[in-house]
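Just so you know, these numbers come straight off a predicted model, no measurement behind them.
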Amino acid sequence: MPTNTEDKSQSANGHETITVRNVKKFFGPTRALDGVSFSARAGEIHAIVGGNGCGKSTMAKVVSGVLPVDSGSVSILGETPSTPAESKALGISTVYQEVLVADESTVADNIFMGADALFSKNLSQERKVHLAAQLMQELAGEPIDPHAIVGTLPLGLKQWITIARALVSEPRILILDESSAALDFDSTERLFAKMRTLRDAGTTILIVTHRIAELIRISDRATVLRDGRDVGVLEKEQITEKNLLALMTGDEDAGHSHAHEAPQPSDGRLAMSGEKVSVWAGAEPFDFDLRRGEIVGIAGLDGQGQDAFVRAIAGVEPVLQGTISVADRNGEFQAVRSLSDAVKNRIAYVSGDRKREGIFASLSIFENMMMPLYREKRRGGILGLIDWGTLGSIFRREADNLMIKFGMREDLITSLSGGNQQKVLIGRGFAMRPDVIVLNDPARGIDVGAKTELYKHLRTFAGDGKCIVYMSSELEEFMGFATRVIVFRDGKPFDAFDGRSLDPKKVLEAMFGQTDGSGLKSAYGLKPSLTPDGKAAGGHGHAPLSRGVAKDDGPQTIVLPGSVKIRETVSARQTAPRNVEPVRASKPIRIVEFERANGEAREIGPGGAGR
């Protein structure tokens, strides 16, 4: 039965506010849009969905007036804006895929950036500060200091600032391009509530996304793109995972899931070990072992120390105390205290924050993927000539494996869609031929097809006796994929779970501090004691833990890496204004999950009372 908000959206004005007819847009030989047609109505949330490189973000920029079309027609509220300024004058606000903020400015200044004319101000600074604090309280769910310097804030709050900037003008058309990618579960729910409020007031909302579970719940209609063309429009009742995947891939069976068993190591040999490690000041130190051939999932609520942990084991940031060691190819253990130690001992790191830690925006696609191999792939003795032929072969292999869509490899990496940029970074990690690969939320911005390919390659990687550490804020990524899952809370491991019998509800309860932590000392805990066949770990040639000290090769200047986000509810968090403050809660938590098929909510966990 439709809800009241659904009834209201269906009975809204209904007149077309966006009309796109046979639009084509080329970037050199690349056909970003190849005859796209669609329309959106007032009082409607309209999703543009498709795989990476299908033209979603290009379409958003065309509607926003950022990109001119090569052919076809675009009508926005009866006009054809050709610049962002003209679009803004019409009442169009856009939140782009990249988190565009001025790190050196305050929260208030970022929100009102561009709101004033060149020689005059619409509002006093005092009024702007008040409105910024009010809007961020509403969006972020907690007080945020409007005078805080944005560069000190976490990625999720930066995303809220870009959304607040779009909302201060009270737009008639709001365009959100992957705007929930950096938001956790709690934040996404507040964003959806705001979107419904705007829709019910008659605003047209165009949401560009690849996250199927979210768009099923929020969209009134969805236009599906594939290879730059529109291949179907789905009404509310037709928006299902099966229908979306079938249109996105052109495969009628694409909506059927295929179960996998979590990979298990064939023996108990260690790939990495840590002793008395601490990544947070005041947090209790812990020991851990990582075995060859396993995929270790790292989970936790936003800001609970899991990010610091994966960065420490990759050598990106040092631990506060303790020792992390990795086994080299001779079986000896070497300390990992810097990025050079990690690279030398074949540890690769892939970040999900591609803008700050991944891409070199002024370099080509080829250079971004292959740069870490320049020194390794040399010939000519003392001349040190780069072996371009070998590098070219490696580039083609990784680009084909990850299905990266690009025109020429010499094109700037910024010419790619965000998802394809992320694939280049993942390809960079594989190209280094590491023994341990550390992935920090790597699937942010990539579509379901690319995720499937990524999981396949990681399984093969683990099957060759390599070790994978995979941090994600989407629990469904661990199902049938992770050997074991370690949940972080308050800067240290809180509980652990066996991937062969992984229950996402139990993992969720652990993230909220509602389990007893007994998994940490089990056979699948921090120091696994048994292999899957019951044999003692280390019985297959586990080398003694000789703590060799790796030599530092010099200062490091840049990291060259070798369905639902979850967060505590506002009632469980501290409510004082903050810049970067870890989430720490001890009160009982109301935990809600959403059915994939119909989007209905029900409570789970201790105290859950059903629907």
Side-chain angles (χ1 to χ4, degrees), residues 269-292 294 296 298 300 303-353 356-358 371-376 425 428-429 431-442 466-471 486 488 490-493 526-527 542-562 580 582:
R269 291 181 299 161
L270 293 185
M272 181 175 281
S273 183
E275 290 185 349
K276 295 181 173 57
V277 171
S278 177
V279 295
W280 263 21
E284 181 183 351
F286 57 93
D287 298 340
F288 70 90
D289 287 338
L290 304 179
R291 298 170 295 176
R292 297 185 181 184
E294 69 172 344
V296 181
I298 305 295
Q304 291 295 313
Q306 66 272 26
D307 180 75
F309 173 71
V310 298
R311 293 170 69 83
I313 64 177
V316 177
E317 292 180 357
V319 294
L320 294 184
Q321 69 178 69
T323 305
I324 296 176
S325 302
V326 62
D328 62 22
R329 294 191 173 182
N330 296 319
E332 298 293 322
F333 277 75
Q334 308 295 330
V336 179
R337 296 183 299 197
S338 66
L339 188 59
S340 64
D341 291 344
V343 172
K344 183 163 55 180
N345 290 287
R346 296 192 174 274
I347 301 174
Y349 175 74
V350 179
S351 173
D353 191 352
R356 296 187 63 184
E357 297 185 332
M371 185 180 291
L373 302 182
Y374 281 3
R375 289 187 178 180
E376 180 182 342
L425 301 187
R428 178 197 292 170
M432 294 177 68
R433 287 294 179 262
D435 292 330
V436 178
I437 188 166
V438 181
L439 303 115
N440 188 342
D441 222 356
K466 310 297 178 63
C467 179
I468 299 161
V469 180
Y470 191 105
M471 193 198 93
I486 300 172
F488 271 69
D490 292 330
K492 65 182 185 299
L526 286 179
K527 297 179 73 68
H542 169 216
L545 207 60
S546 63
R547 304 290 182 182
V549 178
K551 181 180 178 182
D552 195 345
D553 288 338
Q556 306 302 315
T557 58
I558 192 163
V559 175
L560 272 177
V580 185

field: Contacts of R292 that satisfy side chain to side chain contact (heavy atoms under 4.5 Å, CB included) - sequence neighbours left out
entry: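 If we apply the side chain to side chain contact (heavy atoms under 4.5 Å, CB included) test to R292, skipping adjacent residues, the hits are R269, A271, A327.
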
query: What residues form a side chain to side chain contact (heavy atoms under 4.5 Å, CB included) with P318, not counting sequence neighbours?
result: none

task: Determine, step by step, whether L320 and V279 satisfy the side chain to side chain contact (heavy atoms under 4.5 Å, CB included) criterion, reporting the C-alpha distance in whole Å, the side-chain angles of both residues, the deciding distance to 0.1 Å, and the verdict.
output: CA-CA 5 Å; L320 294 184; V279 295; 5.8 Å; no

For [X] and [Y], which heavy atoms make the closest approach, and how far apart are they?
X	Y	value
L339	A314	CD1-O, 3.9 Å
Q306	M471	CG-SD, 3.5 Å
C467	L290	SG-CB, 3.8 Å
A283	G491	CB-O, 3.9 Å
P285	S278	CA-CB, 4.5 Å
L425	S351	CD1-O, 4.1 Å

Could you tell me whether the side chain of [Y] reaches within less than 4.5 Å of the side chain of [X], counting heavy atoms only?
X	Y	result
D287	V277	no
I468	E294	no
V319	I324	yes

- request: List the steps and the verdict of side chain to side chain contact (heavy atoms under 4.5 Å, CB included) for F333 and V326.
  value: CA-CA 5 Å; F333 277 75; V326 62; 5.8 Å; no

statement: With sequence neighbours left out, the residues meeting side-chain hydrogen bond (donor to acceptor under 3.5 Å, both in side chains) with D328 are Q334

- request: For the pair S273 and D289, evaluate side chain to side chain donor-acceptor pair (under 3.5 Å) and give the outcome as yes or no after the intermediate values.
  value: CA-CA 4 Å; S273 183; D289 287 338; 2.8 Å; yes

message: Please determine whether side chain to side chain contact (heavy atoms under 4.5 Å, CB included) holds for the pair M272 and I347, giving the CA-CA distance in whole Å, both sets of side-chain angles, and the decisive distance to 0.1 Å.
response: CA-CA 10 Å; M272 181 175 281; I347 301 174; 3.5 Å; yes

- prompt: How about E284: does its CD atom have over 12 heavy atoms from other parts shown lying under 6.0 Å from it?
  reply: no

query: Do E275 side-chain atoms and T323 backbone N/O form a donor-acceptor pair below 3.5 Å?
result: no

- request: Ignoring hydrogens and angles, tell me if any N or O in the side chain of D435 forms a donor-acceptor pair with the backbone of K466 under 3.5 Å.
  value: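 Here the side-chain-to-backbone pair does not exist.
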
- request: Decide, yes or no, whether a salt bridge links R311 with E317 under the criterion of side-chain N to carboxylate O below 4.0 Å.
  value: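 Yes.
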
message: Once you measure the plane-to-plane angle for F488 and F309, does it fall in the parallel (<30°), tilted (30-60°) or perpendicular (>60°) bin?
response: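 Rings of F488 and F309: tilted, 30 to 60°.
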
message: As a quick check of understanding, evaluate side chain to side chain contact (heavy atoms under 4.5 Å, CB included) for I313 and V336, giving each step before the final call.
response: CA-CA 7 Å; I313 64 177; V336 179; over 6 Å; no

